[in-house]
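Counting starts at 1 for both ligands and their atoms, in listed order. All values derive from a computational prediction rather than experimental measurement. Residue numbers start at 1 and run along the sequence shown.
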Amino acid sequence: MDEFGIISRYFAPLAGDGAFGLKDDAALLPARAGHDLVVTTDAISEGVDFFAFDPPEMIAQKALRVNLSDLAAKGAEPVHYLLNLSLPRNVTPDWLAAFADGLARDQKTFGISLLGGDTGATDGHLSVAVTAFGFVPHGKIVTRGGAREGDAVYVTGSIGDSGGGLAIFKGEQHVLNDADRHHLIAHYRLPQPPVAFATRLRAIAHASVDISDGLIADLGHVASVSGVRITVEGESVPLSAPLRALWGNDTLLRAVTCGDDYQIAFTAPPGLEGPFTRIGRVERGEGVHLLIRGEEHYVAKSGYKHF
Ligand code: ADP
Ligand code: MG
């Protein structure tokens, strides 16, 4: 299998309009009238974001989804992506076929297609980098910078499940039942970004961020870019029953700092209802403050840091 064999066999079938069948130097990305193009990129690496023994379909889907959550957090609808692969030299046809099948599944689920990429071999670990493109109606992108005093803070989904899955792989099993263990591992392997929520988000949100490094850390970016203080009411943070079964009394503090959630935290007027949970408020001041039973709790490490 050479590079071009891999591209034509496994990736050309995934190519979208404008990709010239992955046989040209570059691709065309047709503009959409009245819209802005939103672009984001994220890479995942073996040993950091997934394990070599994870199902290849899910590695592919995770690489896509960690990008789709960024687009969703900006209120954008995903359309295309680029794929940059560093493949270990001993990669097998079965592995590649399963990997491409994962991409194909998520292309269908999310209505996206492949525009191009780069393929190389490495003596090191597998890494998968995706650059994703989406459209948002002109001027409607939701940034981290728009939070206002008086806003409420909301999150989609539940927080910490993926971190719980990772903790299980690292040896924390305790007395979890099979269903709880599977729930947490599934969230680690396969993020569930709220892609369809983007439309509603851009209608209501003043500021928004994708939760990837940890709820507290990522809300910290909103607070600093917006120039506000964010208070999180610990009791309101949505935590799943399986996660509570794993982490007990530590659940809240670990969940809000573990990261890998790929959900959306946003600020918007108070009193809204929808597929999200109100977890706090925006005030004058700075930083993120976690209240537990009304008392401020000092958070030493607010999220995942690579360095
Ligand atoms: P270049 O010589 O410019 O580096 P390549 O030979 O790497 O171009 O790529 C040839 C074509 O195959 C291009 O259209 C490129 O976008 C596509 N391609 C290469 N690797 C991938 C990949 N992993 N996924 C999708 N398309 C790819
Ligand atoms: Mg190339």
Side-chain angles (χ1 to χ4, degrees), residues 1-32 35-72 74 76-135 189-191 193 195 210 212 262 306:
M1 265 185 319
D2 72 353
E3 180 188 338
F4 300 106
I6 291 177
I7 295 165
S8 68
R9 169 134 181 227
Y10 299 104
F11 299 130
L14 303 172
D17 285 347
F20 306 111
L22 304 184
K23 288 187 176 127
D24 215 309
D25 295 307
L28 262 184
L29 202 158
R32 188 184 286 181
H35 288 71
D36 294 323
L37 185 60
V38 182
V39 62
T40 187
T41 189
D42 256 318
I44 62 172
S45 314
E46 178 186 328
V48 179
D49 306 284
F50 63 89
F51 294 101
F53 56 78
D54 282 337
E57 297 89 332
M58 292 187 179
I59 297 171
Q61 290 170 297
K62 184 166 190 175
L64 278 176
R65 291 175 183 210
V66 301
N67 282 277
L68 298 185
S69 74
D70 283 305
L71 291 182
K74 300 303 100 187
E77 175 201 332
V79 283
H80 296 297
Y81 66 100
L82 300 170
L83 178 66
N84 276 23
L85 288 174
S86 289
L87 297 171
R89 291 180 203 285
N90 61 0
V91 68
T92 64
D94 282 352
W95 192 96
L96 284 166
F99 182 85
D101 186 53
L103 295 176
R105 274 191 230 169
D106 268 7
Q107 288 195 184
K108 229 186 231 154
T109 303
F110 298 110
I112 56 178
S113 63
L114 180 59
L115 274 194
D118 196 35
T119 304
T122 175
D123 294 320
H125 283 161
L126 169 66
S127 93
V128 184
V130 167
T131 300
F133 302 89
F135 285 117
R189 286 179 161 165
L190 206 53
V195 171
D210 146 70
S212 53
Y262 307 109
H306 285 277

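Looking at L22 against ligand 1, both its backbone and its side chain come within 4.0 Å, counting heavy atoms. When non-hydrogen atoms are compared, ligand 1 lies under 4.0 Å from the side chain of F4 (C-beta onward) but not from its backbone.
The shortest N or O to N or O distance between L115 and ligand 1 is not under 3.5 Å. Between D118 and ligand 1, at least one N/O pair is under 3.5 Å apart. An N or O contact shorter than 3.5 Å links L83 to ligand 1 by distance.
For the residue pair T131 / T41, a side-chain donor-acceptor distance below 3.5 Å is found, with atom types taken as modelled.
When the shell of 6.0 Å around CG of D24 is examined, it contains more than 12 heavy atoms from other residues, nucleotides or ligands.
Each of the following atoms of ligand 1 lies closer than 4.0 Å to a heavy atom of T119: 19 (C), 20 (N), 21 (C), 22 (C), 23 (N). Close contacts of ligand 1 with I7, meaning ligand atoms under 4.0 Å from a residue heavy atom, involve 12 (O), 18 (N), 19 (C), 20 (N). Of all atoms in ligand 1, listed by their number and element, those nearer than 4.0 Å to a heavy atom of G116 are 16 (O), 24 (N), 25 (C), 26 (N), 27 (C).
Between R65 and D106 there is a salt bridge, with a side-chain nitrogen of the basic residue lying less than 4.0 Å from a carboxylate oxygen of the acidic one. Between R105 and D101, at least one side-chain nitrogen of the basic residue sits less than 4.0 Å from a carboxylate oxygen of the acidic one, meeting the salt-bridge criterion. Between R32 and E77 a salt bridge is recorded (basic side-chain N to carboxylate O distance below 4.0 Å).
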Run S45 and H125 through side chain to side chain donor-acceptor pair (under 3.5 Å) and show every step you take.
CA-CA 7 Å; S45 314; H125 283 161; over 6 Å; no

Quick one: do D42 and D70 satisfy side chain to side chain contact (heavy atoms under 4.5 Å, CB included)? Show the steps, please.
CA-CA 9 Å; D42 256 318; D70 283 305; 2.8 Å; yes

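Across the listed options L82, L103, D24, D24 owns the non-hydrogen atom lying nearest to atom 14 (O) of ligand 1.
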